[in-house]
Visitor: 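Encoded as structure tokens, here's the structure I'll be asking about.
Atoms within each ligand, like the ligands themselves, are counted from 1 in listed order. Any value given below was found using the heavy atoms of this structure, including those in side chains, with hydrogens, waters and symmetry copies removed. Throughout, numbering of the chain's residues begins at 1 and tracks the sequence.
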Amino acid sequence: MRDFASKKRIVIKIGSSSITHKETGGADLVRLEKLVRELTDLHNGGKDVVLVSSGAISVGLKAAHIRGIYYDGTGKSEGPDEKLKLKQAAAAIGQARLMMMYQKLFSEYNQMTAQVLMTKHTIVDNVNRFNARNTFEELLTLGAIPVVNENDTIATYEIEFGDNDTLSAIVAALIDADLLILLSDIDGLYTDDPHADPEAKLIREIEKLDERIEGFAKGSTGSLMGTGGMATKIAAARIASASGCDMVIANANDLANIHRIAAGDEIGTYIHSDKSRDFFIEDFINEG
Ligand code: GLU
């Protein structure tokens, strides 16, 4: 058992693939409902809970019937700018829909929720960062479960975090969270890509993020790379760990993993925090 009883402030990150149907990109209501129940239960148990949820673009593309155009890349007149516009419009449509679903599901348990959309500027700019931290603090004091996403509608390449793994670690650092639970489509961090290498082993515990561990992420290929891949999870771990926040990477296939992890069950990969004395959150944001 892990000693997580004292973890008071918990950030949970869920990716698009875990809350949408892969056939259509539409919201998976059954899973969303389970997720909301898990989060509300954590909150009822006295924890401060923050959710970092993706899914805006996926839900928006489905809602506006533009999924195929964006994804297959064959839209004849679509240059990169056209695609960006489409993606950002989809995010605007989808974020509102997603939030409506979260509102509805949380309200079934009389649980207050709130929406916080961020870009890199929120962190790099001192006034914005200060405001964001205060707002989170106030929301948690009021008893809300904030739902956070990147502000994809206005974030362009220069000011985007790019993936919500990084964003969730930034949020955890910003609000001094005790634990970050990163839910993914894989059981945790492996020594190699388990899809390609049958010898790959799940790493249960990481005391220190050294070169060996970084190497595992670099060695992983295919579905483990890119947005939401293992490399981004290690990057997130670097931020969380240096800020003094423990982190668990676990599989989102069973959402009951959330309360099991909070209770200290040995699920997924546990990365110990290794607080850096001169941690400045801004240092982890690459200036665009
Ligand atoms: N912010 C994006 C969305 O809500 C997802 C980014 C990611 O998957 O990491 O659709």
Visitor: Can you tell if the side chain of Asn253 reaches within under 4.5 Å of the side chain of Asn257, non-hydrogen atoms only?
Guide: yes
Visitor: Taking distance alone, with N or O pairs closer than 3.5 Å, would you say Asp165 contacts ligand 1?
Guide: no
Visitor: Would you mind listing which atoms of ligand 1 come within a distance below 4.0 Å of any non-hydrogen atom of Ala56?
Guide: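 Ligand 1 atoms under the 4.0 Å threshold to Ala56: 3 (C), 4 (O), 10 (O).
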Visitor: Heavy-atom contacts with Asp163 under 4.0 Å: which atoms of ligand 1 show up? List them by number with element.
Guide: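 Per the distance check, 9 (O).
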Visitor: Quick check on the hydrophobic clustering: are Leu117 and Val171 connected, directly or via other members, by side-chain heavy-atom contacts under 4.5 Å?
Guide: no
Visitor: From the options Leu61, Leu117, Val59, Asp152, select the one whose nearest heavy atom is closest to atom 1 (N) of ligand 1.
Guide: Asp152
Visitor: List every atom of ligand 1 that sits less than 4.0 Å from any heavy atom of Ile57, numbering the atoms from 1 in the order shown and giving each element.
Guide: 3 (C), 10 (O)
Visitor: What do you reckon, does Gly55 put a non-hydrogen atom under 4.0 Å from ligand 1?
Guide: yes
Visitor: For the hydrophobic clusters of this structure (ILVMFWY residues joined by side-chain heavy atoms under 4.5 Å, transitively), does one cluster hold both Leu180 and Val116?
Guide: yes
Visitor: Would Glu150 and Asn164 count as having a side-chain donor-acceptor pair, cut-off 3.5 Å?
Guide: no
Visitor: Which of the numbered atoms in ligand 1 are below 4.0 angstrom from a heavy atom of Asn149?
Guide: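 Here the atoms of ligand 1 in question are 1 (N), 3 (C), 4 (O).
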Visitor: Looking at CG of Leu209 and CD of Glu214, how far apart are the two atoms once the value is rounded to the nearest 0.5 Å?
Guide: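 Rounded to the nearest 0.5 Å, the CG-CD separation comes to 6.5 Å.
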Visitor: Do Leu189 and Met230 have side chains that approach each other closer than 4.5 Å (heavy atoms only, starting at C-beta)?
Guide: yes
